[in-house]
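Please read the structure below before turning to the comments.
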Amino acid sequence: MIHTGRHFLQIPGPTNVPDRVLRAIDSPVLDHRGPEFAKLGMDVLENIRPIFQTTGSVIIYPASGSGAWESAIVNTLSSGDRVLMFETGHFSLLWRQVAERFDLKVEYVPGNWRGGAVASEVEARLGSDRQHTFKAVMVVHNETSTGVTSQISEVRRAMNNVHHPALLMVDTISSLASTDYRHEEWEVDVTIGGSQKGLMLPPGLSFNAISEKALSANKQAKLPRSYWDWQEMLKYNQTGFFPYTPATNLLYGLREALLMLHEEGLPNVFRRHARHAEAARVAVRNWGLEIVCENPGEYSNSVTVAFMPEGHDADRLRNVILENFDMSIGAGLSKLTGKVFRIGHLGSFNDLMLAGTLSGIEMGLAVAGVPHRKGGVTAALQSLLETKTKAEPVMLGK
Ligand code: PLP
């Protein structure tokens with residue numbers, strides 16, 4: 001089938017890259033040891049900090065998010081260290097695997113893939129660890145496979161309540177620049193980020209925002225590291241350079257994306273995402289489908305995940321939507337394969353893109369013969385209208 005117009009890329013990352021960012025990437029490649037690069041390097045290294053809500057260092061790797069997972073581990077821990085993790089879904093499972101490959105002893109708190117990290121569990125397990133054998137608590141902030149956002153401020157409070165010195169490491173790959181996240185205020189030691197979601201860039205960059213405590217741990221950490229070594233990075237970054245060839249053109253894109261986020265203002269970015277997420281949930285509920293996230297306090301701003309009715313395959317629905325309406329929506333991952341579909345509503349996104357996305361799904365449900373109620377889109381539009389007048393008065397002349 002020939003498709004006309006733009007493809008709708010509504011997976012929860014990689015997300016749509018705005019034209020401004022594409023134009024910025026489409027620049028001549030420059031000498032990464034020359035003076036022009038140093039300006040670009042200094043610019044992005046400085047302006048990325050507020051996105052993590054930190055005044056401390058942020059390391060930028062030419063790597064996908066999984067690289068930044070690995071670097072958080074090898075820079076701060078030693079073989080045999082005990083760490084606490086939560087089974088929130090597919091991505092917590094993968095991060096756990098990385099930890100185990102480095103011979104960390106992972107205490108993995110079981111979960112049903114419908115909730116986030118449980119602060120009371122953190123408090124109980126760390127509270128009874130009088131010898132301070134736990135060296136880190138590692139949490140996926142926004143579990144992209146389930147649409148559940150863990151409450152990091154509560155995890156931090158639980159750690160402080162029992163005065164436990166473990167490091168706190170948080171994966172914000174699908175929440176950065178779409179959900180309020182405060183690296184410094186929540187005393188997070190390593191925050192892991194990626195370029196291809198809220199940051200509106202193509203895949204290929206990832207980040208470690210690091211605390212002073214993480215830097216001290218780095219001096220003692222014995223795991224072998226070379227490519228990921230923070231000290232080498234920090235040394236070169238002082239003058240805007242990198243110890244190896246950086247992804248120069250993605251950094252042009254990053255400079256533009258940061259400018260766009262600063263122009264909009266982070267609080268507005270978070271409000272926009274929250275509003276779209278709410279409207280997406282309204283649609284799902286009105287279709288009569290069940291949202292995977294059980295606790296409204298943990299609803300994700302960036303992705304909504306819905307169960308299929310019993311006996312209906314989500315991947316078939318996704319194929320019907322792709323073939324008929326040229327839209328990609330997210331697949332269920334590992335044990336949720338075929339059982340759920342995921343609606344990405346993050347990054348460069350607006351009301352009409354959400355309306356189009358939800359329309360494609362509602363029509364797809366009809367074409368695929370999946371039992372549902374009509375009217376999800378209409379209800380979502382109503383939600384958008386109501387929240388528009390309350391939260392975002394229309395500014396004429398701006
Ligand atoms: N963590 C989360 C929460 C993710 O959503 C992803 C990817 O989608 C990753 C980690 C892995 O990142 P990457 O695929 O860029 O290596």
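Read the numbers this way: they start at 1 and go in the same order the structure lists the ligands and their atoms. Numbering of residues begins at 1 and proceeds along the displayed sequence.
- Heavy-atom distances between W95 and ligand 1 stay at or above 4.0 Å for every pair.
- Among D171, V140, T88, I11, the residue whose heavy atom sits closest to atom 1 (N) of ligand 1 is D171.
- Contact annotation: for K197 versus ligand 1, heavy atoms closer than 4.0 Å belong to the side chain alone.
- Side-chain contact of N75 with W228: a donor-acceptor pair under 3.5 Å is absent, judged by distance alone.
- Under the 4.0 angstrom criterion for non-hydrogen atoms, H141 is not in contact with ligand 1.
- Within the listing of ligand 1, atoms 3 (C) sit less than 4.0 angstrom from a heavy atom of N142.
- A donor and an acceptor atom, one from each side chain of T55 and E184, are located under 3.5 Å apart.
- Around atom CD of E263, more than 12 heavy atoms belonging to other residues, nucleotides or ligands sit under 6.0 Å away.
- Side-chain contact of D129 with T133: a donor-acceptor pair under 3.5 Å is present, judged by distance alone.
- Among protein heavy atoms, the minimum distance from atom 11 (C) of ligand 1 is reached at S66 OG, 3.8 Å.
- Between the side chains of D351 and H276, a donor-acceptor pair is found at a separation under 3.5 Å.
- Of the polar atoms of T144, at least one N or O is found under 3.5 Å from an N or O of ligand 1, judged by distance alone.
- When only modelled atom types and interatomic distance are considered, N160 and R157 share no side-chain donor-acceptor pair under 3.5 Å.
- Using bins of under 30°, 30° to 60° and over 60° for the plane-to-plane angle, the ring pair Y244/Y227 lands in the parallel bin.
- From the protein, the heavy atom lying nearest to atom 10 (C) of ligand 1 is W69 CZ2, 3.2 Å.
- Closest to atom 7 (C) of ligand 1 among all protein heavy atoms lies F91 CE2, 3.4 Å.
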